[in-house]
Amino acid sequence: MNLIFLGPPGAGKGTQAVRVCEQLGIPQISTGDILRRAIKNETPTGLAAKSYIDKGQLVPDSVVIDIVRERLVQDDCKNGYLLDGFPRTVAQAEALEGFAKIDAVVDIDVSDEKLVARLSGRRVCLSCGGTYHVSQLNGSMTCAKCGNELIQRADDKAETVLSRLTVYHAQTEPLIDFYTQRGLLKEIDGAQPMDECYAAIMAVLGK
Ligand code: AP5
Ligand code: MG
């Protein structure tokens with residue numbers, strides 16, 4: 001199955017993608033994770049992307065489209081994949097139609113108020129991608145999966161979160177109509193507890 005997870009920053013795309021991908025045996029392709037890795041490794045793509053990400057703006061379409069086009073031809077995508085955070089503009093979605101056949105788009109819906117609380121408390125592991133909320137950590141700053149240090153993402157600062165939400169509403173939300181028109185959209189309530197979100201996603205996917 002070739003899937004897209006759509007939804008605002010903090011909706012739980014990454015959290016749910018890990019579980020769904022494990023269950024379905026397909027790779028999670030997060031453009032945000034790929035760009036953060038490129039920044040950490042100081043590659044040309046990373047250096048170009050950093051100023052946009054730090055401001056909460058989108059990285060130019062041409063950069064992310066090339067990243068995804070190259071990623072989808074790799075062997076592990078032969079039996080399906082889950083795109084987490086791509087596409088994020090109508091131009092990206094139109095480009096994707098030129099090189100991929102998508103089976104379903106899961107839109108994880110959460111109100112802006114809840115998103116701000118989630119993102120300000122998020123802690124992540126840059127080594128394995130583990131994602132937590134401070135409310136789960138009891139003061140620990142160590143990743144339960146790999147033992148490395150947890151950090152706060154630079155773009156989870158309050159003012160950057162607000163600009164990411166504005167960008168989401170202006171540039172990414174139109175994709176809900178785009179994929180509804182194509183009969184691919186499956187909406188789930190992302191404000192539910194994590195296990196219930198997971199069950200709702202598997203149900204809309206018929207799994
Ligand atoms: P990206 O990394 O994709 O960030 P995002 O879309 O802003 O989404 P997040 O990763 O912040 O949230 P999420 O939905 O994955 O939530 P999570 O599961 O972590 O992109 C970062 C930047 O890269 C962009 O701003 C842009 O600059 C650039 N970029 C990336 N892709 C691009 C593209 N295609 N085009 C252009 N630029 C691009 O959960 C959040 C928190 O909530 C966690 O603490 C988690 O524990 C908690 N949580 C999750 N689910 C629940 C629940 N059900 N109940 C309670 N808490 C929950
Ligand atoms: Mg994410």
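Start at 1 and go down the list; that is how both ligands and their atoms are numbered.
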[X] to ligand 1: N or O pair under 3.5 Å?
X: Gly56; answer: no
X: Tyr52; answer: no
X: Arg164; answer: yes
X: Ala11; answer: yes
X: Asp156; answer: no
X: Gly85; answer: yes
X: Lys13; answer: yes
X: Arg123; answer: no
X: Gly10; answer: yes
X: Arg36; answer: yes

Should we say atom [atom1] of [X] is surrounded by more than 12 heavy atoms from elsewhere, each under 6.0 Å from it?
X: Glu159; atom1: CD; result: yes
X: Asn79; atom1: CG; result: no
X: Tyr52; atom1: OH; result: no

Measure from the side-chain N and O atoms of [X] to the backbone N and O of [Y], and report whether any donor-acceptor pair falls under 3.5 Å.
X: Tyr132; Y: Ala144; value: yes
X: Thr31; Y: Gly85; value: yes
X: Asn2; Y: Asp103; value: no

Return the residue, atom name and 0.1 Å-rounded distance of the protein heavy atom closest to [atom].
atom: atom 27 (O) of ligand 1; result: Gln57 O, 2.5 Å
atom: atom 16 (O) of ligand 1; result: Gly12 N, 3.2 Å
atom: atom 50 (N) of ligand 1; result: Arg118 NH1, 3.6 Å
atom: atom 37 (N) of ligand 1; result: Val59 N, 3.0 Å
atom: atom 15 (O) of ligand 1; result: Gly14 N, 2.9 Å
atom: atom 53 (N) of ligand 1; result: Gln192 O, 2.8 Å
atom: atom 45 (C) of ligand 1; result: Thr15 OG1, 3.9 Å
atom: atom 9 (P) of ligand 1; result: Arg122 NH1, 3.3 Å

Sub-4.0 Å atoms of ligand 1 with respect to non-hydrogen atoms of [X]:
X: Gln92; result: 33 (C), 34 (N), 35 (N), 36 (C)
X: Thr131; result: 19 (O), 43 (C)
X: Asp155; result: 21 (C)
X: Gly190; result: 53 (N)
X: Gly32; result: 1 (P), 2 (O), 20 (O), 30 (C), 31 (N)

Going by heavy atoms, is [X] under 4.0 Å from ligand 1?
X: Gly7; result: no
X: Leu115; result: no
X: Arg153; result: yes
X: Pro193; result: yes
X: Pro60; result: no

Problem set entry | Electrostatic pair Arg164-Asp156, nearest N-O below 4.0 angstrom | yes

Exercise. Are the charged groups of Lys114 and Asp109 less than 4.0 angstrom apart, N to O?
Worked result: no

For this session: I would like to know whether Arg71 and Asp76 meet salt bridge (Lys or Arg N to Asp or Glu O under 4.0 Å); could you show each step before the answer?
Result: CA-CA 9 Å; Arg71 181 65 184 86; Asp76 63 339; 2.7 Å; yes

Seminar exercise, completed: At under 4.0 Å between heavy atoms, what of Val124 touches ligand 1? The answer is neither

Problem set entry | Nonpolar side-chain network containing Val124, other nodes, edges under 4.5 Å | Leu126, Ile151

Problem set entry | Non-hydrogen side-chain atoms of Leu165 and Val116 separated by less than 4.5 Å | yes

Problem set entry | Residue pair Val59 / Ile53, side-chain heavy-atom distance below 4.5 Å | yes

May I ask which of [options] has a heavy atom nearer to [atom] than the others do?
atom: atom 46 (O) of ligand 1; options: Tyr132, Phe5, Phe86, Tyr168; answer: Tyr132
atom: atom 48 (N) of ligand 1; options: Met194, His133, Gln136, Arg88; answer: Met194
atom: atom 28 (C) of ligand 1; options: Leu35, Leu119, Thr31; answer: Leu35

Exercise. Where do Phe99 and Val73 land on the side-chain contact (heavy atoms from CB on, under 4.5 Å) test, with the steps shown first?
Worked result: CA-CA 10 Å; Phe99 59 88; Val73 296; over 6 Å; no

For this session: Could you grab the distance from atom CG of Leu6 to atom CG of Leu185, nearest 0.5 Å is fine?
Result: 7.0 Å

Problem set entry | Stepwise side-chain contact (heavy atoms from CB on, under 4.5 Å) test for Ile29 and Cys77 | CA-CA 10 Å; Ile29 300 174; Cys77 294; 3.8 Å; yes

Exercise. Is there any salt bridge (charged side-chain N to carboxylate O under 4.0 Å, His left out) pair reaching into residues 170-189, and which pairs are they, with sequence neighbours excluded?
Worked result: Glu97-Arg182

Exercise. If you take all heavy atoms of Leu82 and Ile26, which pair is closest and at what distance?
Worked result: N-CD1, 4.0 Å

For this session: Could you check Val20 against Val106 for side-chain contact (heavy atoms from CB on, under 4.5 Å), going step by step and ending with a plain yes or no?
Result: CA-CA 12 Å; Val20 171; Val106 178; over 6 Å; no

